[in-house]
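Data block below; observations after.
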Amino acid sequence: MAFDIEMIKAVYSKFPSRVEAARKAVGKPLTLTEKILYAHLTQGEANSSFERGVSYVDFNPDRVAMQDATAQMALLQFMQAGRDKVAVPSTVHCDHLIQAEIGALADLKKANDKNKEVYDFLSSVSNKYGIGFWKPGAGIIHQVVLENYAFPGGMMIGTDSHTPNAGGLGMIAIGVGGADACDVMAGLPWELKFPKLIGVKLTGRLSGWTSAKDVILKVAGILTVKGGTGAVVEYFGDGARSLSATGKGTICNMGAEIGATTSIFGYDEKSEAYLRGTERGDIADLANTIKSHLTGDDEVYSNPEKYFDQVIEINLSELEPHINGPFTPDLAWPISKFAAAVRENGWPAKLEVGLIGSCTNSSYEDISRAASLAQQAVDKKLTAKSEYTITPGSEQVRFTVERDGFLGIFENMGGVVLANACGPCIGQWARHGAEKQEKNSIITSFNRNFAKRADGNPNTHSFVASPEIVTAMAIAGDLTFNPLTDSLINEEGKSVRLEEPSGMELPSKGFAVEDAGYQAPAADGSKVSVLVDPKSERLQLLEPFKAWEGADLKGLKLLIKAKGKCTTDHISMAGPWLRFRGHLDNISNNMLIGAQNAFNLETNKVKNQLTGEYAEVPAVQRHYKQHGIGSIVVGDENYGEGSSREHAAMEPRFLGVRAILVKSFARIHETNLKKQGMLALTFANPSDYDLIQEDDSIDIGGLTDFKPGKPLTVVLNHANGTKNEIAVNHTYNEGQIGWFVAGSALNLIKEEID
C-alpha cells in the first residue's frame, strides 16, 4: 500500500514559505499547531485576525480515513456528490463490525459471514471511487494509519473520534462526521473553528510501572471530559521527546476523552525511529529537511504561558500509574490511592475481566511490556484470577508479536487473543452473563468507560489503565491490589512480588507480516458497480433532506428534555446497532433511547403530546412525523460528547426533529448537526433549561433574519396557557447558515458541483 510520497513532497515543499509567511503575518513565534494549520489554509495566507475559539477557517486536509461503521453513511453521501473519484487520498478500515466472543479466528469468520453485504458494499464503493480498502482483520483504523499513513506536519480528518492518534507522529488529525469527510473527498475546503491551544510541558522520564498511558490519564483528571473542548493539546519538553512514537499516539488517542479537537507532539528522534522501523525511511528523510518547522518555535516552549491559552506541567519522573473510573474516563486515581477509593465507594473489588489492546494501547511496546508481566506470572507460578483478553491493533503487530513469542506467553497465562478489531472497546463484546446485569468490575487499556459501553450492563464498573496495570490486576483478580507494593500468594503457597515490566519500543527483528489485508482500488472505476441490495435491512441509498421552508418554526413539540450526561452513545447506541449504520431508517429506531427523561427519570419513555400516552422515543417521534409536526430536543451540558457518530445527528433530522437546544455542545456533534441542516442552539441563560415543561409547544423565531452572532428567540408555550420567551445562541457562520437553508451541507455540495 503506497503512502502517497508525492503528496507528502508537495506538502513539505510549501511548508517553509507558508510557516515564514505566517510568522510574519501574526507577528510572533508559532506553536507547532499553528504552523501546521497555517500551512494547510485554503488560501495559503495566515491572518492575524483569526481569533482562537471564535473564527471559522477553511483548510485543505491531506487525507481522509474512515472506519467501516461510519464509512457506510459517509460513502452513501459521497455517492450523491457527483464525483468520479475522491479528491484526496482516502481509506476505509473494517474494524468496528467484528464482535468479540470466542477468539480471533472464530470471531473473524463469523463477522465475514454476518457482515458480507456491508463489506461487499464498502469494497465495491472503494474500488469505484479510488479509495484504499483494508479488509476485516487488517486492524484497527488508528493503528493502521499510524503504521502506514501518518506523517509529521500533515493534516488528516477521520470519521472516528480517536483519529487524533496520528498526532503521535506530529500530524494534525481530527475526528469528524461523515458529512465532513464527504466534503473533503468531494474536493471542497474543510471548515474548523480556529482552536484554542493548551500546552502540556513534560519534564523528567518515565520509569518502572509508569507508562505513556498514565500521562493522558493524569491530564484527563486535570481537564475533565470537557476541559479540552475547542482546543488542541500540544505536548512539548524533554519529557515529550523521551516518549516513543506509539506512546505519544496513546496520549493523543485518548485526548478525545477530554473533548480536545486534537492532540499533537513535535517531530523528533523517536518519530524518525518509528518511521524507519515501519519502512518509511523516505518520509523521515523528507521530514529531516524541514525539521525546524515540524516543532514549535524555541521562544514558544521557553515561555509557554505567552503563547498557549492554558499550560499544564507534568514531571514524568514523579508521575504515578493511574486508574481512571468508573463510568467516566476523567475520574483519575493515582494507584497509591485507588485501593482506598474502591473500598470507600463500595465498588466491586473482585476483578472479573482484564482487557488489553484496542486502538489506544496495542503497539509492539504495549504488548511486549504486558507480556513481560505475563511471563513473570508463569515463572512465579501465579494463575490469573481474572479472565484476560488481548486485542492486537493490526495484523502487522499481531504477526510480529506472535513471531516473537508474546502471544504464546499470554496463552500460557490463560489469556484469549481476540481479532484485530475494536471489539469490547466499542461494545462489540458478546460477554456471557452480561444480560443478568450483575454488579461487577472490569479493567481495560481502552479509552472510554461510559456505563454500558463495553458489555451493555449498566452495573459493570469499568476502569481504564495502562496494559501493564491491567495485566497485573488480572493476575491478582483484585482491584485493591497495588503491584508496586503488594505481594501475591502463588500456587505453592509462597509470597511473590511482580517486578517492574520491561519491553521494547520497536521489534529488534523489525516488523513482519504475510498479508496486511490491503486492497488497492481500480485504476479506472468507471465500470465498477457499487453493491447495494434494494431489499437490504443494513444498507439504504439516501434521499436528500428537504430545504428550509423559509419561515420561523412554529408549534414544535418537546420530544425529550434530557437530563445529565447525554453522549452519542445515549443518542445513537453502538453494540448491536452497528449493523444498521448503513440504513438510516432502521438505525433511527435507537434514537435517544439511552437519554434520561428529566420528567420521569426513565430512559426511552416520553410523553406523546398528541395521545397523552408514554412510549419509546423513536415511536413518539415517528408519530409526530406522520402528522407533519416538527419537534425539539432539549439537553444539558456537553451534549453529544464521545464518538464522532454522525448518526446521532442524522437520525433526529430524518425523523423530523428540527432543533437541538442545550446548555452546551461537544464540538463534533454540534458540527454534525449543522451539516444535516439542523438547528444547534444553546441557552443564552443556562438556567432557562429549568423553564422547559413536558407539554410545551415551542416556536423558534428570527430565522428569516438568521445571521452570524445574532441570537434567535424561543417561545415556550405551556399547556396551562402561559408562556416564556427566551434568547438562544448559535455559532453558525454564513456558510453554515447556507447548509441550514439548503437543508443540509450535502445539498449545497450537489448544487455547487452541478
Side-chain angles (χ1 to χ4, degrees), residues 66-80 92 94 96-99 110-122 124-125 159 177-179 182 422 426-428 430 452 456 530-546 559-560 567-595 603-606 608 615-626 631 633 640 643-657 669 672-673 675-678 744 746:
M66 297 168 282
Q67 41 97 330
D68 51 355
T70 49
Q72 296 170 62
M73 194 57 67
L75 292 173
L76 286 166
Q77 292 178 87
F78 178 77
M79 289 172 65
Q80 298 186 62
V92 169
C94 295
H96 272 55
L97 301 179
I98 302 170
Q99 188 176 48
K110 185 176 181 179
N112 276 315
D113 293 339
K114 185 178 180 180
N115 303 312
K116 185 178 186 303
E117 65 173 317
V118 173
Y119 294 149
D120 287 347
F121 163 69
L122 292 173
S124 62
V125 74
T159 63
C182 181
C422 300
I426 60 163
Q428 283 284 52
K452 301 192 285 186
V530 177
L531 304 178
V532 178
D533 184 347
K535 299 179 182 179
S536 173
E537 294 183 350
R538 298 191 63 179
L539 295 166
Q540 179 187 48
L541 297 178
L542 297 176
E543 294 291 336
F545 291 133
K546 292 181 180 179
L559 176 61
I560 185 173
T567 72
T568 49
D569 279 313
H570 294 92
I571 304 167
S572 176
M573 288 185 177
W577 290 96
L578 286 173
R579 66 189 306 269
F580 296 125
R581 283 289 178 86
H583 199 293
L584 185 54
D585 192 15
N586 284 345
I587 198 171
S588 292
N589 288 322
N590 78 0
M591 186 190 72
L592 285 159
I593 64 176
T603 58
N604 205 21
K605 187 176 182 180
V606 296
N608 184 330
E616 297 176 343
V617 181
V620 171
Q621 183 53 41
R622 287 185 185 274
H623 193 234
Y624 290 156
K625 181 179 181 180
Q626 182 183 356
S631 65
V633 170
S643 168
S644 65
R645 200 168 302 159
E646 70 173 320
H647 297 77
M650 295 188 75
E651 292 172 29
R653 178 70 167 107
F654 176 72
L655 291 183
V657 177
H669 187 63
N672 286 348
L673 290 168
K675 288 278 184 179
Q676 303 305 333
M678 297 277 286
S744 72
L746 184 58

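What you are looking at is a predicted structure, and each value in this text was computed from that prediction instead of being measured.
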Quiz item: Taking C-beta and beyond as the side chain, do M591 and V617 meet within less than 4.5 Å on heavy atoms?
Solution: yes
Quiz item: M650 and F545: which non-hydrogen atoms are nearest, and at how many Å?
Solution: O-CZ, 4.2 Å
Exercise. Could you check L97 against R579 for side chain to side chain contact (heavy atoms under 4.5 Å, CB included), going step by step and ending with a plain yes or no?
Key: CA-CA 7 Å; L97 301 179; R579 66 189 306 269; 6.0 Å; no
Quiz item: Should Q540 and N586 count as side-chain neighbours, where that means a heavy-atom distance under 4.5 Å?
Solution: no
Quiz item: Is the closest side-chain heavy-atom distance between I593 and T603 below 4.5 Å?
Solution: no
Self-check item: Heavy-atom side-chain contact between I571 and H669 under 4.5 Å
Solution: yes
Quiz prompt | Lys/Arg-Asp/Glu bridge criterion (N-O < 4.0 Å) met for R645, D569 | solution = yes
Quiz item: Are L542 and M73 close enough that some pair of their side-chain heavy atoms sits under 4.5 Å apart?
Solution: yes
Quiz prompt | Verdict with reasoning, N115 to R538, per side-chain hydrogen bond (donor to acceptor under 3.5 Å, both in side chains) | solution = CA-CA 9 Å; N115 303 312; R538 298 191 63 179; 2.7 Å; yes
Quiz item: salt bridge (charged side-chain N to carboxylate O under 4.0 Å, His left out) with D68: which residues, sequence neighbours excluded?
Solution: none
Practice problem: Check ring-ring contact (aromatic ring centres under 6.0 Å, His included) between F78 and all other residues, then give those that pass, not counting sequence neighbours. | Solution: Y129
Quiz item: How far does NE2 of H623 sit from CG of N608, to the nearest 0.5 angstrom?
Solution: 5.5 Å
Practice problem: Determine the minimum heavy-atom distance between A74 and E646, stating which atoms define it. | Solution: N-OE2, 4.0 Å
Practice problem: Check whether any side-chain heavy atom of P652 lies under 4.5 Å from a side-chain heavy atom of V633, and answer yes or no. | Solution: no
Quiz prompt | Any side-chain heavy-atom pair of K625 and F654 under 4.5 Å | solution = yes
Quiz item: Would the number of heavy atoms belonging to other residues, nucleotides or ligands and lying under 6.0 Å from NZ of K110 be above 12?
Solution: no
Quiz prompt | Donor on one side chain, acceptor on other, R622 and N589, under 3.5 Å | solution = yes
Exercise. Taking the side chain as every heavy atom from C-beta outward, state whether L75 and V530 have any atom pair closer than 4.5 Å.
Key: no
Quiz item: Looking at residues at least two apart in the chain, or sitting in another chain, which of them share a side chain to side chain contact (heavy atoms under 4.5 Å, CB included) with N112?
Solution: L108, Y119, P136
